[in-house]
Visitor: 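Dropping a structure here in structure tokens format, bear with me for questions.
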Amino acid sequence: ENLTKEDVLKLARDNDVQFVRLQFTDIFGVLKNVAITVKQLEKALDGELMFDGSSIEGFVRIEESDMYLKPDPSTFVIFPWRPQEGAVARLICDVYNPDGTPFSGCPRCTLKRVVAEAEELGYSVNVGPEAEFFLFMVDERGLPTTITHDKAGYFDLTPVDLGENARRDMVIALQDIGFEVEASHHEVAPGQHEIDFKYDDALTTADKIATFKFVVRTIAQRHGLHATFMPKPIFGIPGSGMHTHVSLFQGNENVFFDANDKRELSETAYHFIGGLLKHARSFCAITNPTINSYKRLVSGFEAPVYVAWSEKNRSPLLRIPARRGVGTRVEVRNPDPAANPYLALAVIIKAGIDGIKNKIMPPEPTDKNIYDLDAKERNELGIDNLPADLIEAVQELQGSKVVREALGEHLYKRFVDAKIMEWDKYRSQVHDWELQEYLTKF
Ligand code: ADP
Ligand code: MG
Ligand code: MG
Ligand code: MG
Ligand code: MG
């Protein structure tokens with residue numbers, strides 16, 4: 001929806017909005033809110049509201065801390081859950097420097113820049129995500145546990161758990177604020193759910209992913225549950241991914257489709273796939289940004305471990321779903337919902353575009369189950385592994401000009417520094433697994 005400043009002011013008046021949350025994300029994709037009263041709304045829409053950026057992780061040094069929030073009027077949403085009086089709305093913002101230029105640490109501005117690069121080539125980018133999450137019980141003090149009481153399996157129709165009720169309310173709330181929910185189901189693991197919404201242009205989808213996580217958490221809380229987008233909360237059962245479907249359009253035409261090709265894929269599609277495969281190891285730190293992310297990327301749970309593509313199989317990094325025509329798309333299967341949606345889409349699009357610009361042809365698709373191949377067979381087919389852990393992923397990122405360019409220097413540096421610190425904290429810890437393994441053995 002294309003709302004103007006005037007539309008937003010009118011909607012706020014007509015719906016008795018009292019408070020507006022100005023939202024943006026830090027480099028880790030954590031949603032930040034600056035709450036204002038409706039009296040300040042006009043000033044905010046004019047981009048005149050300042051905040052102290054030094055209080056936000058990964059933003060700026062103290063001495064250059066004044067930042068401006070520029071709300072995007074088309075993101076105006078009135079929350080369906082109402083307080084006693086009045087209503088609460090939100091606007092998603094870009095972050096600007098005092099001199100009126102986009103702040104280089106703003107993830108939303110970063111995605112806009114990469115999308116503009118695709119537009120220069122004549123393409124609009126469409127993205128549809130499949131975000132998975134767990135719903136856990138909270139204990140008597142209200143703290144989250146990793147206990148789930150549901151016994152329903154994949155697509156189970158009997159609503160035997162609290163999770164079903166919560167998920168239904170999530171879908172209703174999402175629809176209320178303009179999401180077109182295409183699918184919503186119980187996932188493979190106990191307590192695990194997925195809600196899919198219709199694809200949209202990349203920026204709108206990134207906004208929607210940020211909003212989605214916030215709505216899911218809010219509704220879960222109202223049902224006395226804790227929703228988590230942590231990629232692998234429990235060892236031995238599937239983790240939560242966020243498969244990301246991408247296609248390029250020119251007008252109403254999907255340019256990945258070519259009826260004359262043996263796979264009905266265009267040259268542009270092949271090049272996009274080639275770029276994704278080439279840069280996958282380097283963008284993994286962004287699409288899979290936590291220590292825990294790499295505990296999901298192991299064999300045995302339909303999560304990708306290898307850099308390959310397929311039309312049939314769900315084990316490689318990329319799958320080309322069977323749909324052709326306007327539905328022709330690439331499914332990128334490694335991202336997880338802990339990723340900053342703006343940065344994850346930025347690096348994926350950048351990688352694909354680099355493939356187009358440099359006409360990178362992918363190798364033949366792998367239609368075997370890669371998990372069944374041994375290292376030698378994979379080697380012969382030129383199939384690489386995804387990074388095994390966060391530090392390997394960060395090192396790959398450090399070696400990549402293309403991904404670094406997608407992020408921009410400021411974001412790149414802050415991100416790498418923060419992730420190296422995270423790794424150092426983790427590796428100096430003594431974990432339960434080590435005690436179980438070594439305490440009595442040595
Ligand atoms: P899966 O088969 O992996 O479960 P789905 O068929 O459920 O995938 O589709 C997942 C996502 O793909 C949805 O968000 C859907 O809107 C999106 N999608 C469909 N067509 C396109 C397209 N042309 N470009 C990008 N995303 C698309
Ligand atoms: Mg799905
Ligand atoms: Mg599906
Ligand atoms: Mg799924
Ligand atoms: Mg999928």
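Index from 1, following the sequence. Numbering of ligands and ligand atoms starts at 1, following listing order.
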Visitor: Return the minimal non-hydrogen interatomic distance between Q250 and Y123, and the atom names on each side.
Guide: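 Shortest heavy-atom separation between Q250 and Y123 comes out as NE2-CE2, 3.6 Å.
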
Visitor: Show your working on ring-ring contact (aromatic ring centres under 6.0 Å, His included) between H410 and F103 and close with a plain yes or no.
Guide: CA-CA 9 Å; H410 179 99; F103 171 49; 5.2 Å; yes

Visitor: Starting from the Mg ion (ligand 2), look over the N/O/S atoms of E194 and name the nearest one.
Guide: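 That would be atom OE2.
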
Visitor: By atom name, which N, O or S atom belonging to E130 lies closest to the Mg ion (ligand 2)?
Guide: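 Restricting E130 to its N, O and S atoms, the minimum distance to the Mg ion (ligand 2) goes to OE1.
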
Visitor: For ligand 1, which atoms sit closer than 4.0 Å to a heavy atom of G128?
Guide: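 Going through ligand 1 atom by atom, the ones under 4.0 Å from G128 are 14 (O), 26 (N).
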
Visitor: Measure the acute angle between the ring planes of Y270 and W309, then classify it against the limits of 30° and 60° as parallel, tilted or perpendicular.
Guide: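 Y270 and W309: perpendicular rings.
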
Visitor: Just which atoms of ligand 1 are under 4.0 Å from any heavy atom in D196?
Guide: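 Within the 4.0 Å cut-off of D196, ligand 1 contributes 7 (O).
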
Visitor: Using a 3.5 Å distance criterion without hydrogens, assess whether the side chain of D200 forms a donor-acceptor pair with backbone atoms of T204.
Guide: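 Not confirmed, D200 side chain does not pair with T204 backbone.
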
Visitor: Is ligand 1 under 4.0 Å from a heavy atom in the side chain of E331, in the backbone, in both, or in neither?
Guide: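 The answer is the side chain of E331.
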
Visitor: Considering distance alone, does some N or O of F197 sit under 3.5 Å from an N or O of ligand 1?
Guide: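 Yes, there is a polar N/O contact under 3.5 Å.
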
Visitor: May I ask you to say whether E6 pairs ionically with K10, meaning some side-chain N is under 4.0 Å from a carboxylate O?
Guide: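 So E6 does not pair with K10 through a salt bridge.
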
Visitor: F51 and ring pair (Phe, Tyr, Trp, His ring centres under 6.0 Å): which single residue from F24, Y96, Y68 fits?
Guide: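 Going through F24, Y96, Y68 one by one, the ring pair (Phe, Tyr, Trp, His ring centres under 6.0 Å) with F51 is satisfied by F24 alone.
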
Visitor: With carbon and hydrogen excluded and only N/O/S kept, which atom of E331 is nearest the Mg ion (ligand 5)?
Guide: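 So the atom name we want here is OE2.
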
Visitor: Taking heavy atoms and a distance under 4.0 Å, where does R329 meet ligand 1: side chain, backbone, both or neither?
Guide: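 Just the side chain.
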
Visitor: Among the heavy atoms of R319, does any lie under 4.0 Å from an atom of ligand 1?
Guide: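 Checking ligand 1 against R319, which is what was asked, there is a heavy-atom contact under 4.0 Å.
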
Visitor: Indicate yes or no: does an N/O atom of H243 lie under 3.5 Å from an N/O atom of ligand 1?
Guide: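 N/O-N/O distance below 3.5 Å does not exist for this pair.
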
Visitor: Need the ligand 1 atom indices (1-based, order shown) with element for anything under 4.0 Å from a heavy-atom of E130.
Guide: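 Listed by number with element: 1 (P), 3 (O), 4 (O), 7 (O), 8 (O), 10 (C).
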
Visitor: I'd like to check which ligand 1 atoms, numbered from 1 as shown, lie under 4.0 Å from a non-hydrogen atom of V326.
Guide: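 In order of number, 23 (N).
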
Visitor: Does H243 put an N, O or S atom under 2.8 Å from the Mg ion (ligand 5)?
Guide: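 So H243 counts as coordinating the Mg ion (ligand 5), yes.
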
Visitor: For F197 and F179, take the angle between the two ring planes, folded into 0 to 90°, and tell me which bin it lands in: parallel under 30, tilted 30 to 60, perpendicular over 60.
Guide: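 Ring orientation, 0 to 90° scale: perpendicular.
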
Visitor: Just which atoms of ligand 1 are under 4.0 Å from any heavy atom in K198?
Guide: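 By the 4.0 Å cutoff, the relevant atoms are 16 (O).
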
Visitor: I would like to know whether I320 and V330 meet side-chain contact (heavy atoms from CB on, under 4.5 Å); could you show each step before the answer?
Guide: CA-CA 5 Å; I320 314 301; V330 181; 4.1 Å; yes

Visitor: Closest approach of V125 and V246, non-hydrogen atoms and distance?
Guide: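 In this case the closest contact between V125 and V246 is CG1-CG1, 3.9 Å.
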
